[in-house]
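Excluded from the calculations below are hydrogen atoms, water molecules and symmetry mates; all remaining heavy atoms, backbone and side chain alike, are included. By convention in this document, chain letters (A, B, ...) are assigned in the order of the sequence lines, proteins followed by strands, and residues within each chain are numbered from 1.
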Amino acid sequence: MAEITRRADDYSRWYQDVIQAAELADYSPVRGCMVIRPNGYAIWENIQRVLDDRFKELGHVNAYFPLLIPKSFLAREAAHVEGFAKECAIVTHSRLKTVLVDGKTTVVPDPESRLEEELIIRPTSETVIWDMYRKWIQSYRDLPILINQWANVVRWEMRTRLFLRTTEFLWQEGHTAHATAAEAREEALRMLEVYRWFYEEVMAAPVIAGAKTANERFAGAVETYSVEAMMQDRKALQGATSHDLGQNFARAFDVTFQDAEGARDFVWATSWGLSTRSIGALIMTHSDDNGLVLPPRLAWRKAVVVPIWKNDGEMSATVEAGRALAAALKPVAGVVPVDDRDKLRPGGKYTEWEQRGVPVRFEIGPRDVAAAQCVMVSRHDRKKTPVPLAGAARALADELARIQADLLRLAQGRRESATVRLERWDDFRALYEAEGGFAWCHWCGDGACEARIQEETKVSIRNIPLDREAETGACIRCGRPSAGRVVFAQAY
RNA sequence: CGGGGCGUGGCGCAGCCCGGUAGCGCACCUGCUUUGGGAGCAGGGAGUCGCGAGUUCAAAUCUCGCCGCCCCGACCA
């Protein structure tokens, strides 16, 4: 069984150990890419299910656009090319041919198959989608278009970490088209709220919803919003983003429509996305030195039954009782595995299921069978509760609700204890030379000042909270007037 | 791309300095004993020592070249 480095000893190794121990992902033969293993992919499937249902309730539909994009598309929108040019994978040839090098057969791109126009592998899909929207949109009656796609994208990053930053990652990207600026802005904020809801109610991870500063804005957006979560090492992680793209992409791809009065205007746009990075956030928000901790709403298995025995007779009795228990739990928890392996003793099984983050474990031994009960143990706090077999399903439903609420409450507590309001630059520096965290501070609004702070301390403005209170003050760095506080943190 | 580290059974490592039968822990297989918090014992299978040259009677070990990976930084969802 896997050993897990303690968080206090080496946070970054702990993170990798948890992923290995829970069998969520593995490194692939290609640098920076990862294999998402069944336990990890099941979490992603749960994320997809919940979000997809929510998107559809709001009127969005799914579609699929191609992986390959003409190279020229990226250059259409000036800021967009600036943002993505440095991390694009490029397809230049359409076939290989075998050659002999030093007596060995190998393959090289066939020079005769060089593409007329090279293709890029999408780093995001705005350009292909807006190229298609030009064909689909003529009239205000064609609007709004509310399309989402579940897809993979590739961004050639210098340094990667499992889930948090991989060369290829999975995400959903919503791309909407609207007749007015106000409608687009409303959509961007509506989807931001969906992400806030998803993080807090489903992932049990508290977030700050706000607007990004101009420096941190998406390449091609007029406004970028984000939800920002705090990890257990007090660093911030951007959980999802929603962009108001204004008319930038409509202009770049010449997408216009005629309104009811016959006037012609460019279409207003949004895009918004949440990626497999959220699984990294999930791990770093709740997990502990014993391994993965998952909120029940996203757990790939919500419960497991571990029968306990000393001899063959006890084995058949407790395994049988365990199977009956698992069947009774199914309506509440879906498939509940019964761990009847004879190769591991109970303690080994507990450790293994804990490392994998299954929220609730039921232990059932000979004494329990005799008393028609079992012992319910929750993963995150190891609380043990004897439960009559007849009432187990009900007890599990209640326990799963308690765990979900507990995890959010605990994460909120950690975030609060790592959040401060600061007024003086000395205090700011001192905070980030020591333990770090979220600092709510006044800022003058000048991007140059923001950049200087980041240069000096590696601390950035995570966002400008939407619900910040109106309060004037002096910029933490330069002292110039400020209209309100922004949230600073070191970020992943 | 800059700095640091590492490539040896599936995983983690020792052996290298000082060349001479490839080893340890975990995992795996078989058997017996175990089983209410990471089981014990016995036996067994599994490695062209990252790749390529060179030196040598002899290379995991020495020399040169190449490749790859991990960590820290700049970039980023």
Can a side chain N or O of [X] be found less than 4.0 Å away from OP1 or OP2 on [N]?
| X | N | value |
| --- | --- | --- |
| Arg367(A) | G36(B) | no |
| Ser12(A) | C72(B) | yes |
| Gln16(A) | C71(B) | yes |
| Lys86(A) | A74(B) | no |

Same-atom distance ([atom1]) from [N] to [M], integer angstrom:
| N | M | atom1 | value |
| --- | --- | --- | --- |
| A14(B) | C51(B) | C1' | 23 Å |
| A59(B) | G50(B) | P | 15 Å |
| U56(B) | C62(B) | C1' | 10 Å |
| G5(B) | C49(B) | P | 25 Å |
| G23(B) | G47(B) | P | 13 Å |
| U63(B) | C16(B) | C1' | 14 Å |
| U8(B) | A22(B) | C1' | 9 Å |
| C71(B) | G38(B) | C1' | 29 Å |

Secondary structure of RNA chain B in dot-bracket form (Watson-Crick or G-U wobble, distances below 3.5 Å, | marking inter-strand pairs): ((((((((.[[[[.)....(..]]]].((((((.....)))))).....[[[[[..)....]]]]])))))))....
Look at the side chain of [X] against the base of [N] and say whether a donor-acceptor pair falls under 3.5 Å; ignore hydrogens and angles.
| X | N | value |
| --- | --- | --- |
| Asp342(A) | U35(B) | yes |
| Lys349(A) | G36(B) | no |
| Glu354(A) | G37(B) | yes |
| Arg361(A) | G37(B) | yes |

Which nucleotide, [options], lies nearest any side-chain atom of [X]?
| X | options | answer |
| --- | --- | --- |
| Lys310(A) | G37(B), C28(B), U35(B) | U35(B) |
| Thr351(A) | G38(B), G36(B), A77(B) | G38(B) |
| Pro346(A) | G37(B), A74(B), G36(B) | G36(B) |
| Glu157(A) | G36(B), A77(B), A74(B) | A77(B) |
| Trp309(A) | U35(B), G36(B), C29(B) | U35(B) |

Atom pair distance, as rounded to whole Å: [atom1] in [X] and [atom2] in [N]:
| X | N | atom1 | atom2 | value |
| --- | --- | --- | --- | --- |
| Asn290(A) | G38(B) | CG | C1' | 11 Å |
| Glu363(A) | G37(B) | CD | P | 8 Å |
| Leu237(A) | C76(B) | CG | P | 15 Å |
| Arg277(A) | A77(B) | CZ | P | 8 Å |
| Ile47(A) | A77(B) | CD1 | P | 19 Å |
| Asp312(A) | U34(B) | CG | C1' | 12 Å |
| Leu344(A) | C26(B) | CG | P | 15 Å |
| Trp353(A) | G38(B) | CH2 | C1' | 16 Å |

So, Asp233(A) and Tyr492(A): side-chain donor and acceptor under 3.5 Å apart, yes or no? yes
Decide whether Glu450(A) and Thr213(A) meet the rule of one side-chain donor and one side-chain acceptor closer than 3.5 Å. yes
Within the structure shown, what part of the strands sits under 4.0 Å from [X] by heavy-atom distance: base, sugar-phosphate, or nothing?
| X | value |
| --- | --- |
| Thr276(A) | nothing |
| Gln238(A) | sugar-phosphate |
| Arg341(A) | nothing |
| Val153(A) | nothing |
| Ser460(A) | nothing |
| Arg13(A) | nothing |
| Arg161(A) | nothing |
| Gly365(A) | base |
| Lys212(A) | nothing |
| Thr241(A) | nothing |
| Leu164(A) | base |

Looking at Arg190(A) and Glu186(A), is there a salt bridge between them, counting it only when a charged N and a carboxylate O are closer than 4.0 Å? yes
Tell me whether Asp53(A) is salt-bridged to Arg49(A), with the criterion being a basic N under 4.0 Å from an acidic carboxylate O. no
Between Phe218(A) and His243(A), how do the two ring planes meet: parallel, tilted or perpendicular, split at 30° and 60°? parallel
Please work out whether the ring planes of Phe249(A) and Phe253(A) are parallel, tilted or perpendicular, with thresholds of 30° and 60°. parallel
Distance in Å, [X] [atom1] paired with [Y] [atom2], rounded so as to fall on 0.5 Å steps:
| X | Y | atom1 | atom2 | value |
| --- | --- | --- | --- | --- |
| Thr318(A) | Ile364(A) | OG1 | CD1 | 7.5 Å |
| Met284(A) | Met231(A) | CE | CE | 5.5 Å |
| His175(A) | Ile145(A) | NE2 | CD1 | 12.5 Å |

Phe169(A) six-ring face occupied by Arg277(A) cation (under 6.0 Å, within 45°): no
Which is it for Glu352(A) and Leu344(A) under the side chain to side chain contact (heavy atoms under 4.5 Å, CB included) test, yes or no, and what are the steps along the way? CA-CA 10 Å; Glu352(A) 195 182 284; Leu344(A) 276 182; 3.7 Å; yes
Taking the six-membered ring for Trp, does Trp171(A) stack with A77(B) (centroid gap under 5.5 Å, planes within less than 30°)? no
For Gly239(A) and for Ile364(A), find the nucleotide of RNA chain B with the closest heavy atom, then tell me which residue's nucleotide is more 5'. Ile364(A)
Pick the nucleotide of RNA chain B nearest each of Glu87(A) and Gln355(A); which residue has the one closer to the 5' end? Gln355(A)
